[in-house]
Amino acid sequence: MQKIIKFFIIMIVGTCFAHLSFAQGDHKPQTPQDWVLSKNYLASCLLFKNTEIRENIFSDPAIQALLVSRAERYAGAQECEDLACFLAAFKWSDAEMESLHEFMAKRFDSDKELQGLVQTALITSGAYGSATQSDPKAYFVKAIKQDMRYTNYVIDVYAGGAKPNYPRIDSISFDTSKKPYLGLLQDVRQDVLKDSPTPHQAAFMTILTAVRLLEVNERMDAAQLEPIMEGENSKALTAIKTTNFQDYPYSLLLVLGAGPSKYDQPISPGGMLRARMAARAYFDGQAPFIVLSGGRVHPYKTPYIEAIEMKRYLIENLLVPQEAIILDPHARHTTTNLRNTARIMFRYGFPQDQFAMVTSSKVHIDAVVGMADRCIKELGYVPYELGKRMSDVVLEFKPKVESMTIDPDEPLDP
């Protein structure tokens, strides 16, 4: 079992962003839409960005009738006079999903280019878990099913006003009962139709609708600061390559966020104090890098990214060098603070046999100690292995490969 896990880690690190670089770097994300698609719906994104494979698959006569019907229903939303009509037009129906799943499974058996794409860019990402890795066809079909189901979920939440997992911070921006709102949905429909001019592109109408709804709701958080490895984290990434981690007790120090309670407050008092704890540990030589984890979360629709504000505080007030700071500007919960840092450790080349440390308030670290059940409930897995509790406010952890798995019902930070 240990050999299998090590092999999987090597694949993840070796492919270095198969999850986010599409087919072997041929279609690197260029726009916020690319980033949101690749992080949330990687399998569909790989097909969407690979024009040749996409056209070959969706020009197949075996699926044409379904796609024509899908396009007609979508275009027919021009006549919609209520919200339910728009939702029915925007989403995949259960029958369409079942038919498309069956078609994709059959197509996989005979399509060598599709098989190659799945092997080189999908399975190696670990984005849909590792349980069915030995069966590429099953892995691909599972991924497509997940993508279709959860694009429907985004439409329910960000067009229909259904409650997301955390309504206080993630809910829809509009009053769906107001008549002008239906005009906005008509505009979304028109925009997606313009981006889907050919029949085979009807396969992507729902996914484009989901992304457009995230955009008009100002919920493109999954794309913020990307490409971060070439931007905010580039100096740290360079420094990692020349760091002798054996000189330090820990590979990195993760600082958990403390969201402000006031709309116009860039950083909370708790955030300042946690940043000070991190700076002390850094200058004491406990770890060569500090990970600041926290997105644009509290309060509702705040303009501030917590990790950015803590970085500014560390550099300007505490003189921590920029190359020692790594940002995770996406996490919205304690579970994803740990998960996203685990992903960083794999992707950035941190040693996997060395513990990292996480620091926060005593109450927060208490919560992390007992957080496994919450992780399983919300993520479907535990993305870390805990070590010793070094003090009230410091805890050891290591990353687990399960952390690479997409959380499909959290589109702002999947």
Side-chain angles (χ1 to χ4, degrees), residues 12-13 15-46 48-50 121-122 124-127 147 150-151 154 158 170 207-208 210-240 254 257 289 291-297 301-312 322-323 325-333 336-337 339-350 403-408 410-414:
I12 291 173
V13 176
T15 52
C16 191
F17 270 138
H19 187 166
L20 299 177
S21 60
F22 314 140
Q24 300 172 325
D26 293 337
H27 299 283
K28 189 174 181 180
Q30 299 293 326
T31 67
Q33 175 171 289
D34 286 347
W35 286 100
V36 171
L37 285 174
S38 66
K39 289 185 177 184
N40 279 281
Y41 318 111
L42 179 61
S44 298
C45 187
L46 289 168
F48 181 71
K49 299 296 288 186
N50 193 309
L122 189 64
T124 53
S125 73
D147 288 358
Y150 285 98
T151 50
V154 167
Y158 291 106
D170 295 337
I207 201 169
L208 290 177
V211 175
R212 204 59 59 238
L213 288 166
L214 288 170
E215 187 169 31
V216 299
N217 277 275
E218 300 177 303
R219 295 299 192 181
M220 298 287 277
D221 295 50
Q224 61 193 9
L225 298 188
E226 296 291 5
I228 197 165
M229 293 177 76
E230 298 171 15
E232 287 285 345
N233 288 346
S234 60
K235 290 187 177 181
L237 187 59
T238 299
I240 289 168
L254 165 61
F289 297 97
V291 173
L292 303 173
S293 180
R296 193 172 58 92
V297 186
K301 299 199 82 170
T302 176
Y304 298 108
I305 298 173
E306 195 171 357
I308 284 283
E309 301 308 322
M310 285 197 291
K311 177 180 180 179
R312 182 176 290 114
Q322 184 173 346
E323 60 269 22
I325 300 172
I326 298 170
L327 297 188
D328 160 31
H330 303 112
R332 306 181 69 76
H333 312 287
T336 50
N337 291 140
R339 182 204 64 187
N340 291 359
T341 302
R343 291 175 175 178
I344 285 171
M345 294 177 75
F346 286 121
R347 290 172 176 160
Y348 286 42
F350 280 87
S403 63
M404 308 305 290
T405 307
I406 291 171
D407 182 10
E410 288 288 339
L412 281 64
D413 179 33

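For Asp407, the salt bridge (Lys or Arg N to Asp or Glu O under 4.0 Å) test picks out no residue, with sequence neighbours left out. In this structure, Glu410 has no salt bridge (Lys or Arg N to Asp or Glu O under 4.0 Å) partners at least two apart in sequence or on a different chain. Take Tyr304 and apply the ring pair (Phe, Tyr, Trp, His ring centres under 6.0 Å) test, not counting sequence neighbours, and it matches no residue. Legend: residues meeting ring pair (Phe, Tyr, Trp, His ring centres under 6.0 Å) with Phe289, ordered by chain and number and at least two apart, are Phe350. Evaluation of the side chain to side chain contact (heavy atoms under 4.5 Å, CB included) rule for Leu225 yields Ile228, Glu232, Ile305, Ile308, Leu327, Pro329 as partners, not counting sequence neighbours. Residues meeting the side chain to side chain contact (heavy atoms under 4.5 Å, CB included) test with Ala43, sequence neighbours left out: Leu122, Tyr128, Ala143, Ile144, Asp147.
Taking every heavy atom of both residues into account, Gln224 and Gly295 meet most closely at NE2-CA, 4.2 Å. When all heavy atoms of Ser38 and Pro29 are compared, the closest pair comes out as OG-CG, 4.4 Å. Pairing each heavy atom of Leu46 with each of Ala121, the nearest pair is CD2-CB, 3.9 Å. When all heavy atoms of Ala331 and Ser293 are compared, the pair lying nearest together is CB-OG, 3.3 Å. Contact between Thr341 and Leu254 at its shortest, heavy atoms only, is OG1-CD1, 3.3 Å. Residues Leu42 and Ala127 share a closest heavy-atom pair of CD2-CB, 3.9 Å.
Put simply, the side chain of Trp35 reaches to within 4.5 Å of the side chain of Pro227, judged on heavy atoms. Asp413 has its side chain within reach of Arg339: a pair of non-hydrogen atoms, C-beta onward, lies under 4.5 Å apart. Looking only at side-chain heavy atoms (C-beta outward), Met220 and Val211 come within less than 4.5 Å of each other. Counting only heavy atoms from C-beta outward, the side chains of Val291 and Tyr348 never approach each other to under 4.5 Å. Within the 4.5 Å cutoff, side-chain heavy atoms of Pro411 are placed close to those of Tyr158. Within the 4.5 Å cutoff, no side-chain heavy atoms of Asn40 are placed close to those of Val154.
With rounding to the nearest 0.5 angstrom, the OG1 atom of Thr336 is 7.5 Å from the CG atom of Asp328. In this structure, Asn340 CG and Arg332 CZ are separated by 11.5 Å, a value rounded to the nearest 0.5 Å. Atom CD1 in Ile325 sits 11.5 Å away from atom CZ in Arg312 (nearest 0.5 Å). Summarising the geometry, atom CG belonging to Leu213 is positioned 13.0 Å from atom CZ belonging to Arg219; distances are rounded to the nearest 0.5 Å. Atom NZ of residue Lys311 and atom CD1 of residue Ile326 lie 10.0 Å apart, to the nearest 0.5 angstrom. Atom-to-atom distance recorded for His330:NE2 and Arg296:CZ is 10.5 Å, nearest 0.5 angstrom.
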- Task: For the pair Glu215 and Val36, evaluate side-chain contact (heavy atoms from CB on, under 4.5 Å) and give the outcome as yes or no after the intermediate values.
- Result: CA-CA 10 Å; Glu215 187 169 31; Val36 171; over 6 Å; no
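Remark: the backbone N or O of Ser403 is paired with a side-chain donor or acceptor of Arg343 at under 3.5 angstrom.
Under a cut-off of 6.0 angstrom, the local environment of NZ in Lys235 is sparse, with at most 12 non-hydrogen atoms contributed by other residues, nucleotides or ligands.
Results of the salt bridge (charged side-chain N to carboxylate O under 4.0 Å, His left out) test with Asp34 over Lys28, Lys39, Lys49 single out Lys49 as the only residue that passes.
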